[in-house]
J.: 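Below is a structure I'd like to ask you about.
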Amino acid sequence: MKPVTFEAYQLLRDGLVEFSGMEANGICVDVERLTANIQEVEGRVKQLTAQIRQTDVWRLWLKIYGGKANMGSRPQLARILFKELGFKGEQNHDTNRYILDEATLANIDHPFCKMFLEIERWKKLHGTFLLGLQREVCDGYLHSFFNLHIARTYRSSSDSINFQNIPIRDQEVGAYIRSCFIPRGKDRVLVELDYSGVEVLVAACYHKDPTMIQYIENPGKDMHRDMAAQCYKLKPKQVTKQLRYCGKNMFVFPEFYGSYYAQCAVNLWNALDSMSLTLEDGTRVKDHLAAKGVTKLGSVSDYKPEPGTFMDHLKDVEDDFWGRRFQVYGRWREDWFESYLKNGGFNTLTGFRIDGIYGRNDVINYPIQGSAFHCLLWSFIQISRQLRRRKMDALLVGQIHDSILADVHVSCVQDYLILAKEIMVDRLMEHWKWIIVNLKIEAEVTPVGGSWHDKKKVDDIYKFAL
DNA sequence: TACTTCGGCGCC
DNA sequence: AAAGGGCGCCGAAGTA
């Protein structure tokens with residue numbers, strides 16, 4: 001850990017103090033609800049397990065493994081699927097073990113795999129989240145740790161339990177665990193404030209790419225939509241919400257983090273079937289691509305994609321992405337890495353030094369990830385101090401990289417929202433002159449008597465009313 | 001029994 | 001030339 005400016009040292013020191021306060025505050029847990037949810041999920045796991053034991057595959061499993069047969073063992077299941085039932089499986093090149101992750105199982109067309117994934121989904125909720133929380137909760141409160149001395153990027157981490165990976169994407173699973181987090185009183189609510197797209201904004205502060213800045217500053221422009229259009233050979237207007245999601249999470253972000261066209265192509269191509277991608281008028285995107293002359297995924301050999309395939313197309317999209325559209329960003333990545341090779345390290349915009357042996361992707365990603373978190377950290381410190389100074393009935397209870405969770409009395413929700421916005425956007429931009437794009441935040445508030453799962457977006461914090 | 005390693009997966 | 005960044009936790013399986 002090496003803050004190279006006094007200010008960077010102060011940021012960690014003050015952050016440590018405020019995080020300690022937050023840990024002591026803790027977050028209120030509905031213990032009865034937690035117990036009930038554990039019961040319910042255990043019941044579901046038992047029922048699904050009984051069901052899967054009736055299948056032929058499980059009978060085969062028992063025949064081969066006898067008393068050692070373990071429904072939770074993926075290595076055992078891999079043997080059944082790939083050695084006994086003849087499905088094609090990939091192996092880890094170093095260990096020769098079969099890969100049997102969710103994507104692999106989802107692509108095997110067999111009901112047993114679907115059932116297995118369903119059970120795993122609920123077991124993950126049960127073991128990691130519900131029992132984990134029950135183990136750590138004390139007198140109705142959870143006091144997770146929030147560390148500032150762990151991550152190589154100078155981000156934070158959290159443990160006992162990790163408060164930064166509570167399920168939310170899978171709404172059904174998320175509900176079981178998030179409904180256990182509640183405000184510490186009948187007349188209070190939870191308020192969550194997060195920076196929107198802060199890593200993209202902070203990246204722009206490093207590379208200053210004019211095209212990227214236009215995308216950021218112009219609300220009519222949409223990078224993810226445009227890239228989805230290009231990847232699937234569509235007009236931007238044809239891009240549905242689902243297609244935009246694919247552009248964002250299967251091309252744009254992977255490219256930012258250092259993936260490359262061949263990997264993106266596989267994911268975008270598999271999504272055509274697995275997500276049944278269609279246009280507004282019902283046309284299958286796969287058929288649309290076929291009409292444009294692209295009928296095969298294709299592969300790469302001798303560093304060259306097979307001509308005329310989707311793979312080949314994605315190579316063109318990538319070349320265009322870094323070589324033309326975001327060429328300043330692309331050049332920054334090369335220059336930044338060159339400079340690292342020459343100097344053996346680099347400094348972040350927030351005043352930290354990162355020395356040591358790192359790969360290209362690390363060198364490009366660390367400063368962005370770290371500085372983005374430091375925006376949150378600086379705001380967190382200021383908000384926490386102001387709440388004390390103004391004797392407001394609001395406590396900070398959690399932090400998730402780019403968001404702050406507070407437990408607020410109904411009488412001061414609006415004051416809290418306005419104070420926090422002022423600090424997170426206006427004062428932070430005054431404080432760090434290197435922030436050259438406008439920061440934005442989103443607010444979510446739970447109903448009175450609701451849980452973290454019930455949080456709802458606030459349209460306009462200045463017109464907020466409970 | 002206690003500990004470590006690995007694969008996998010939850011979040012940003 | 002290489003090819004997805006950061007964490008923490010779980011269960012399985014191997015080792016001492």
Side-chain angles (χ1 to χ4, degrees), chain A residues 65 68-78 91-92 94-105 116-117 119-121 123-133 135-136 144-170 173-174 176-178 192 194-200 202-203 249-267 300 303 314-315 318 322 333-334 337 341 354 358-373 376 398-404:
Chain A
Y65 282 97
K68 290 194 171 139
N70 181 346
M71 183 72 77
S73 169
R74 287 178 193 244
Q76 289 184 11
L77 177 55
Q91 282 154 290
N92 180 313
D94 300 325
T95 61
N96 276 341
R97 296 177 191 191
Y98 280 110
I99 297 165
L100 199 65
D101 55 16
E102 192 186 336
T104 307
L105 283 161
F116 180 84
L117 280 176
I119 293 182
E120 288 296 296
R121 177 172 167 241
K123 288 209 308 205
K124 176 86 177 170
L125 168 66
H126 178 255
T128 302
F129 298 105
L130 294 173
L131 292 189
L133 177 57
R135 189 178 56 241
E136 294 295 336
S144 289
F145 295 105
F146 292 91
N147 314 296
L148 286 171
H149 64 294
I150 302 277
R152 300 206 290 191
T153 57
Y154 295 96
R155 234 196 193 184
S156 66
S157 78
S158 168
D159 64 83
S160 310
I161 63 174
N162 180 353
F163 192 71
Q164 297 177 321
N165 75 341
I166 313 284
I168 187 166
R169 281 192 210 161
D170 182 331
V173 164
Y176 277 100
I177 182 69
R178 287 187 177 241
E192 191 168 349
D194 64 282
Y195 283 113
S196 351
V198 67
E199 285 202 15
V200 172
V202 168
N249 296 302
M250 298 174 191
F251 185 80
V252 177
F253 280 140
E255 286 284 346
F256 284 172
Y257 292 140
S259 187
Y260 78 125
Y261 74 89
Q263 193 54 53
C264 297
V266 171
N267 292 331
V300 182
Y303 303 104
L314 257 286
K315 167 130 174 51
E318 181 183 78
W322 292 115
R333 290 157 64 102
E334 288 165 29
F337 186 56
L341 290 178
I354 298 178
Y358 301 107
R360 179 177 179 276
N361 290 343
D362 302 331
V363 171
I364 290 163
N365 287 320
Y366 285 10
I368 296 168
Q369 187 181 104
S371 303
F373 168 66
L376 190 283
Q399 166 271 129
I400 310 177
H401 307 302
D402 64 357
S403 78
I404 297 173

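Order of the sequence lines sets the chain letters (A, B, ...), proteins ahead of strands, with each chain counted from 1.
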J.: Could you state the atom-to-atom distance from CZ of A:R152 to P of C:dC7 in whole Å?
T.: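 It is 6 Å, rounded to the nearest whole Å.
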J.: Give me the one residue out of A:N162, A:N165, A:V173 that meets side chain to side chain contact (heavy atoms under 4.5 Å, CB included) with A:F129.
T.: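 Among the candidates, only A:N165 passes.
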J.: By the 4.0 Å heavy-atom rule, please label A:Y366 as base, sugar-phosphate, or nothing.
T.: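 Sugar-phosphate contact only - A:Y366 comes under 4.0 Å of backbone atoms but never of a base.
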J.: Could you write nucleotides 10-16 of chain C as a row of B, S and -, 5' to 3', where a protein heavy atom under 4.0 Å of any base atom gives B, of only sugar-phosphate atoms gives S, and otherwise -?
T.: S-SS---
J.: Rounded to whole Å, please give me the gap between CD1 in A:I177 and P in C:dC9.
T.: 14 Å
J.: Could you please spell out the steps behind the side chain to side chain contact (heavy atoms under 4.5 Å, CB included) verdict for A:Q164 and A:Q399?
T.: CA-CA 7 Å; A:Q164 297 177 321; A:Q399 166 271 129; 3.2 Å; yes
J.: Taking atom CZ of A:F145 as the centre, does the number of heavy atoms from other residues, nucleotides or ligands within less than 6.0 Å exceed 12?
T.: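 No - once you tally the heavy atoms of other residues, nucleotides and ligands closer than 6.0 Å, there are 12 at most.
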J.: Contact class for A:L100 (heavy atom, under 4.0 Å): base, sugar-phosphate, or nothing?
T.: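 Touches sugar-phosphate only.
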J.: Mind checking A:L125 for me? I need base, sugar-phosphate or nothing, with any heavy atom below 4.0 Å counting as a touch.
T.: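 Nothing: the residue A:L125, judged by heavy atoms under 4.0 Å, touches no strand.
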J.: Can you name the residues that form a side-chain hydrogen bond (donor to acceptor under 3.5 Å, both in side chains) with A:K123, not counting sequence neighbours?
T.: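 By the side-chain hydrogen bond (donor to acceptor under 3.5 Å, both in side chains) rule, A:K123 matches no residue at all.
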J.: If we only count heavy atoms from C-beta on, is the A:F163 to A:S158 side-chain gap below 4.5 Å?
T.: yes
J.: Expressed as a whole number of Å, how far does the C1' atom of C:dG4 sit from that of B:dC9?
T.: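 Straight-line distance between the two C1' atoms is 15 Å.
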J.: Name the first nucleotide and the last nucleotide along DNA chain B (5' to 3') that come under 4.0 Å of a heavy atom in chain A.
T.: B:dC6 to B:dC12
J.: Could you give the CD1-to-C1' distance, from A:I400 to C:dG6, as a whole number of Å?
T.: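 Checked: the CD1 to C1' distance equals 15 Å.
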J.: Report the distance from atom NE2 of A:H126 to atom C1' of C:dC9, rounded to the nearest whole Å.
T.: 15 Å
J.: Would you classify A:E120 as touching base, sugar-phosphate or nothing, given that sugar-phosphate means primed atoms plus P, OP1 and OP2, and contacts are heavy atoms under 4.0 Å?
T.: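 No contact.
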J.: Tell me whether the ring of A:Y260 lies stacked over the C:dA3 base, given a 5.5 Å limit on centroids and a 30° limit on the plane angle.
T.: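 The ring of A:Y260 is stacked on C:dA3.
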J.: Checking all strands, does A:N267 fall into the base, sugar-phosphate, or nothing category for heavy-atom contacts under 4.0 angstrom?
T.: base
J.: Under the 3.5 angstrom rule, does the side chain of A:R333 hit a backbone N or O of A:F256 as a donor-acceptor pair?
T.: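 Looks like yes, one N/O pair under 3.5 Å.
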J.: Give a yes/no answer on whether the side chain of A:Y261 brings an N or O atom under 4.0 Å of OP1 or OP2 in C:dA3.
T.: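 No, A:Y261 has no side-chain N/O under 4.0 Å of OP1/OP2 on C:dA3.
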J.: Taking any heavy-atom pair under 4.0 Å as a contact, classify A:I150: base, sugar-phosphate, or nothing.
T.: sugar-phosphate
J.: 5'-most contact on DNA chain C: A:Y303 or A:H401, nearest heavy atom basis?
T.: A:Y303
J.: Test A:L133 against every option in A:I166, A:I161, A:T128 by the side chain to side chain contact (heavy atoms under 4.5 Å, CB included) rule and name the one that passes.
T.: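 Result: among A:I166, A:I161, A:T128, A:I161 is the only option passing the side chain to side chain contact (heavy atoms under 4.5 Å, CB included) with A:L133.
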J.: Whole Å only: how far is the CG atom of A:D101 from the P atom of C:dG4?
T.: 14 Å
J.: Between A:Y257 and A:E199, is any side-chain donor less than 3.5 angstrom from a side-chain acceptor?
T.: yes
J.: How far does CD of A:Q263 sit from CD of A:E318, to the nearest 0.5 angstrom?
T.: 11.5 Å
J.: To the nearest angstrom, how far is A:Q263 atom CD from C:dG5 atom P?
T.: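 In whole Å, C:dG5 P lies 11 Å from A:Q263 CD.
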J.: Please classify the nucleic acid contact of A:S156 as base, sugar-phosphate, or nothing, using heavy-atom distances under 4.0 Å.
T.: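 It contacts nothing in the nucleic acid.
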J.: Any base atoms under 4.0 Å from A:S403, or only sugar-phosphate, or nothing? Heavy atoms, all strands.
T.: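 A:S403: no heavy atom of the nucleic acid under 4.0 Å.
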J.: Take the protein atom CG of A:N365 and the nucleotide atom C1' of C:dA3, then report the distance between them rounded to whole Å.
T.: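 That distance rounds to 13 Å.
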J.: How many angstroms lie between atom OH of A:Y195 and atom CG of A:L376, to the nearest 0.5 angstrom?
T.: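 Going from the OH atom of A:Y195 to the CG atom of A:L376 covers 6.5 Å.
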J.: Whole Å only: how far is the CH2 atom of A:W322 from the P atom of C:dA1?
T.: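 The distance from CH2 of A:W322 to P of C:dA1 comes to 20 Å, rounded to the nearest Å.
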